[in-house]
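For ligands, and for the atoms within them, numbers begin at 1 and follow the listed sequence. The first residue in the sequence is number 1, and the count goes up from there.
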Amino acid sequence: MHLRLVPASPGCGIVFRRTDLDGFQVEATGRNVARVSYATSLMKKGVLISTTEHLLSALIGTGIDNVIVELDNLELPILDGSARPFVEMILQAGIRKQRRPRTYLRIKREVELREGDKFIAVYPADGYSVSYSINFPHALIGQETFRAELSDDDYQRSIAPARTFGSRADERAMRNMGLIRGASRENCIVLTRDGIENPPLRFPNEFVRHKVLDLIGDLALIGRRILGRVVADRAGHAMHTALVSLLLKDRTLWEETALEEAVVSSGKAAHVFADQFA
Ligand SMILES: [Zn+2]
């Protein structure tokens with residue numbers, strides 16, 4: 001499994017390229033969202049890109065607007081279950097400023113989606129912030145809330161290292177769906193009945209921080225930076241991407257704003273060979 005980030009020109013956005021399928025390209029946009037359960041997948045003309053959220057989150061968190069993501073496989077590597085290895089990869093490649101104003105999607109009206117006790121909303125704001133609450137029936141988790149402001153450099157320190165989590169039962173279900181082949185203690189926090197199999201946690205509230213990481217990655221599928229305040233409660237990939245679809249469909253909810261700020265691309269090509277991390 002080989003993943004490579006390649007610099008791209010302004011206006012390109014984030015594009016996945018399957019090098020094992022003649023370079024077939026799948027744009028990272030809500031229009032290409034395929035199926036969503038434990039992870040977010042994109043599909044275009046039958047070509048699948050699976051588990052996009054952690055890399056997309058890292059790209060947003062490091063301010064990358066334009067990049068081509070080459071991979072020779074349908075699933076992005078899970079690595080340590082967080083976005084940190086992707087952030088390191090991006091920083092290693094370097095970031096190049098491109099002289100063009102960046103276009104933002106400024107939320108004009110509030111949007112709220114509810115499904116049982118799950119909730120997600122976005123409200124007008126001058127910056128981009130994400131607030132997440134979870135209430136997970138487990139001795140180590142329970143009720144947690146975490147709020148992140150994306151305009152400061154907090155992402156790399158307080159969000160990127162947060163790992164995904166699951167139980168052995170989840171793992172079996174994911175394997176049956178063809179996801180996380182080779183799931184192990186190295187690539188997620190494994191929950192037991194009243195603790196975890198692989199301590200220590202990287203943060204006492206690592207679980208909810210990871211939900212923030214996922215949400216940022218899923219909202220990247222809007223294709224533009226957001227000016228808005230996002231609030232989620234017990235949501236998941238399906239609700240995150242439902243919000244993306246709703247925003248893309250209803251143009252009265254937002255306007256485009258160009259801010260005089262350089263657009264950036266990853267500097268030079270950077271590689272990840274997944275087996276280095278296995
Ligand atoms: Zn995740």
Side-chain angles (χ1 to χ4, degrees), residues 3 14 16 28 30 33-42 48-62 69 71 74-90 118 120 130-136 138 140-141 144-146 148 150 155-156 158-171 173-175 177-191 196 198 201-203 205-222 230 232-244 272 274 277:
L3 170 77
I14 301 168
F16 292 96
V33 169
R35 55 165 189 181
V36 183
S37 50
Y38 287 98
T40 300
S41 299
L42 303 176
L48 197 64
I49 309 281
S50 170
T51 320
T52 54
E53 61 270 19
H54 299 168
L55 174 62
L56 290 181
S57 185
L59 290 169
I60 296 293
T62 50
V69 181
L71 71 165
L74 63 86
E75 188 182 21
L76 272 89
I78 189 77
L79 305 174
D80 71 351
S82 79
R84 191 165 67 185
F86 291 125
V87 166
E88 284 165 359
M89 178 186 184
I90 293 161
K118 298 175 175 183
I120 191 164
V130 173
S131 169
Y132 218 114
S133 299
I134 56 173
N135 195 342
F136 198 78
H138 186 274
L140 275 183
I141 311 178
E144 290 182 352
T145 299
F146 190 75
L150 269 290
Y155 179 89
Q156 289 173 36
S158 65
I159 301 170
R163 291 161 299 164
T164 192
F165 57 98
S167 63
R168 288 286 172 204
D170 287 340
E171 187 197 325
M174 289 167 86
R175 271 179 203 277
M177 294 170 68
L179 293 168
I180 56 161
R181 279 151 295 162
S184 72
R185 295 173 184 204
E186 278 68 55
N187 59 28
C188 72
I189 304 167
V190 182
L191 297 173
I196 61 173
N198 47 349
L201 291 175
R202 291 178 177 174
F203 308 97
N205 57 356
E206 186 169 356
F207 306 98
V208 71
R209 289 179 195 239
H210 186 79
K211 298 297 284 187
V212 169
L213 186 161
D214 278 342
L215 177 56
I216 292 167
D218 285 335
L219 293 181
L221 296 170
I222 287 173
V230 181
D233 185 0
R234 282 166 283 183
H237 295 300
M239 283 195 89
H240 304 165
T241 53
L243 180 63
V244 170
V272 168
F277 296 84

Please determine whether E53 has a backbone or side-chain N, O or S atom lying under 2.8 Å from the Zn ion (ligand 1).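 Not a single backbone or side-chain N, O or S atom of E53 is under 2.8 Å from the Zn ion (ligand 1).
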
Would you name the N/O/S atom of D214 that lies closest to the Zn ion (ligand 1)?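 Nearest N/O/S atom of D214: OD1.
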
Checking the side chain of N198 only, and the main-chain atoms of V190 only, is there a donor and an acceptor separated by less than 3.5 Å?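 Side chain of N198 to backbone of V190: a pair is present.
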
Going by ring pair (Phe, Tyr, Trp, His ring centres under 6.0 Å), name the residues that satisfy it together with H240, two or more places apart in sequence or in a different chain.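 Ring pair (Phe, Tyr, Trp, His ring centres under 6.0 Å) check on H240 returns Y132, H237.
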
Report, rounded to 10°, the angle at the Zn ion (ligand 1) between the two atoms NE2 (H54) and NE2 (H210).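 Vertex the Zn ion (ligand 1), arms to NE2 of H54 and NE2 of H210: 100°.
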
Output all residues satisfying salt bridge (charged side-chain N to carboxylate O under 4.0 Å, His left out) with R234, sequence neighbours left out; order by chain, then residue number.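 Expected list: D117.
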
Spatial distance of atom OG1 (T40) from atom CG (D218) [nearest 0.5 Å]: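 The OG1 atom of T40 sits 3.5 Å away from the CG atom of D218.
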
